[in-house]
Number of protein chains: 2
Amino acid sequence: MRDEAPRAVTAICRALQEQIERGLLPCGSQLPAERKLSEVFDTTRITLREALGQLEAQGLIYREERRGWFVSPPRLAYNPLVRSHFHAMVGEQGRVPATEVLSARLMPASAEICQLLELPALSSVYQIRRARRIDGRLVLYVEHYLNPAYFPGILDFDLTLSLTDLYASEYGIHYGRVRFDMVPTALHPEAAAALKVAPGSPALRIVRINRDQHGRLIDCDLEFWRHDALHVSVEVPD
Amino acid sequence: MRDEAPRAVTAICRALQEQIERGLLPCGSQLPAERKLSEVFDTTRITLREALGQLEAQGLIYREERRGWFVSPPRLAYNPLVRSHFHAMVGEQGRVPATEVLSARLMPASAEICQLLELPALSSVYQIRRARRIDGRLVLYVEHYLNPAYFPGILDFDLTLSLTDLYASEYGIHYGRVRFDMVPTALHPEAAAALKVAPGSPALRIVRINRDQHGRLIDCDLEFWRHDALHVSVEVPD
DNA sequence: AAATAGAGCTGGACTAGTCCAATTTGGGAG
DNA sequence: CTCCCAAATTGGACTAGTCCAGCTCTATTT
């Protein structure tokens, strides 16, 4: 028994990790209360919470605001080179997608959006804010900004459906070139609230700038994914 | 004037964020000591540290183990579709790259590596572990695993240089198809030690599986990037 | 001028609690 | 059996410290 013990935090991490990997704590199951766990590991709640925080950073567990800690489900495979929308992508991987519309309106574009869509200053844009789930779990907060010139009256449609499909069926517009920008960062307060997680949780921010079949900038998406909800795969041809 | 409770942590974040954005704390500069800052903001070190942790998660600041907190430099643009190696990529963006070799040896392949390289069980592979810097800052820990059949005697060369170049000049091998897998996660202890940061810091794990011009699996890289050191750009053609 | 020993800082890790707000849950009324 | 309210429980936020290891810088010595 050496004095050189591993840090309490890493010891707790290892113990929990093992339990999860052996399937004693199945995917989606809830962990015991923080106070219980701190008793089990004979430590402070602060220390215990730091261990949980590290497992969260690894993506092994996640928390729901004020509800508790849960074992993370598998990540979704996200391939930017394959043109697919959320519902199709999730469904193909044997999971159940869901979408809710948080807001949808015509609004003055921010400077950032004007730049992304190459619009003149003080332009108006359609903004659609949505939250999306996989198997019931909130994983994605998106803000869509559409150039209104191409999509008159789009707010009257059912916006819980795929925008891709709406573009095609109602406006004859298909995606052409797309630009992705992926940045590991933290959720800003608005996104955190929508996903019902602690503000500042780690996240993957994906900015998509979409052109149509004629090369026209039609819209852009600001996506905020829970960092543990996806892995990005890219197959680069020769 | 916020509608909700202005948590101490978010208030501190906002204050520091503003100072950084206005350039009062330039890139690369060191923040005052935690104890000083906790006095300035009239709070505990624990609370102050949580605020710093959130700014770290956002990528605005970073820490060096036992040295202090610093303002993050700009992120490196990383485009998986553009075939470029570390030194070239960094240099093109006006930054100064550096590489050090941590270890290089022939070793039995782990089960994971066998699978990635489609090798039979108990195969041997060259393992090269390197740490890489941008403008002096440690940002990337990589483990390369090479199929030794294609690279006899490679350990005798200067491995601080680009492997890509070595492959081409010494073995006539060029990259063909490449597969990327990017996962937001946390640094494991070994990578954390190599990058001199706290174990469990957020990171972007990138697994590259490389084939040569003939479609043969030649090597794979396990990369661990500091999460705040890069942003991934992908331009998808029509 | 270079090498070095040591003191003082700095971050890292942890303890032992408190107060609050939201969520759950259990029990009683209808 | 359902619905609703109150109590118990849980996570969120924070205070006020302690002890330790590694880095740095200074002052002294060689």
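Naming: A, B, ... by sequence-line order, numbering from 1 per chain. The shown structure was predicted, so the numbers you read here are calculated from the model rather than taken from an experiment.
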Using the salt bridge (Lys or Arg N to Asp or Glu O under 4.0 Å) rule, take R49(A) and E50(B) through it: C-alpha gap first, then chi angles, then the decisive distance, then the call.
CA-CA 12 Å; R49(A) 263 159 87 67; E50(B) 197 176 312; over 6 Å; no
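- Atom CD of Q30(A) and atom C1' of dT9(D) are 12 Å apart (whole Å).
- Considering only side-chain N and O atoms, T47(B) lies under 4.0 angstrom from the phosphate OP1 or OP2 of dT15(D).
- In this structure, I46(A) atom CD1 and dG12(C) atom P are separated by 16 Å, rounded to whole Å.
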Pair F157(B), L163(B) - check side chain to side chain contact (heavy atoms under 4.5 Å, CB included), show working.
CA-CA 10 Å; F157(B) 293 104; L163(B) 288 185; over 6 Å; no
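- Between W225(A) and Y78(A), the two ring planes are perpendicular [angle over 60°; tilted spans 30° to 60°].
- Remark on DNA chain D: of its neighbouring residues G68(A) and D42(B), the 5'-side contact belongs to G68(A), judged by nearest-heavy-atom nucleotide.
- Considering only the side chain of T44(A), dT15(C) comes nearest among dT15(C), dG11(D), dA13(C).
- R49(B) has its CZ atom 11 Å from the C1' atom of dC14(C), to the nearest Å.
- Of the listed nucleotides (dC14(D), dG11(C), dC14(C)), dC14(C) has the atom at the smallest distance from the side chain of V9(A).
- As a whole-Å value, the separation of K36(B) NZ from dG11(C) C1' is 14 Å.
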Carefully, step by step, assess D135(B) and R137(B) under the rule salt bridge (Lys or Arg N to Asp or Glu O under 4.0 Å).
CA-CA 6 Å; D135(B) 296 337; R137(B) 180 186 173 212; over 6 Å; no
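- Under the 30°/60° scheme for interplanar angles, the aromatic rings of Y141(B) and F224(B) are found to be tilted.
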Report, as a single string ordered 5' to 3', how protein heavy atoms within less than 4.0 Å touch nucleotides 19-25 of chain D: B base, S sugar-phosphate only, - not at all.
--BSSS-
Let's go through R129(A) and E190(A) carefully: what are the C-alpha distance in whole Å and the side-chain angles of both, what is the deciding distance for side chain to side chain contact (heavy atoms under 4.5 Å, CB included) to 0.1 Å, and is it a yes or a no?
CA-CA 11 Å; R129(A) 293 170 56 243; E190(A) 203 174 5; 3.5 Å; yes
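- Atom-to-atom, CD of E64(B) to C1' of dC9(C) comes out at 16 Å; the value is rounded to the nearest Å.
- Residue R63(A) has no polar side-chain atom (N or O) positioned under 4.0 Å from OP1 or OP2 of dT10(D).
- Between T43(B) and the phosphate of dT15(D), there is a side-chain N or O to OP1/OP2 separation shorter than 4.0 Å.
- The distance from atom CD of E50(B) to atom P of dG12(D) is 10 Å, rounded to the nearest whole Å.
- Taking the side chain of E34(B) as heavy atoms from C-beta on, and the options dG11(C), dG12(D), dT10(D), the nearest nucleotide is dG11(C).
- Residues meeting the ring-ring contact (aromatic ring centres under 6.0 Å, His included) test with F70(A), sequence neighbours left out: Y62(A).
- The nearest whole Å value for the distance from the CG atom in L31(A) to the P atom in dT10(D) is 13 Å.
- Checked against dG12(D), dT10(D), dC14(C), the side chain of A33(A) finds its nearest nucleotide in dT10(D).
- The distance between atom CG of L48(B) and atom C1' of dA13(D), rounded to the nearest whole Å, is 15 Å.
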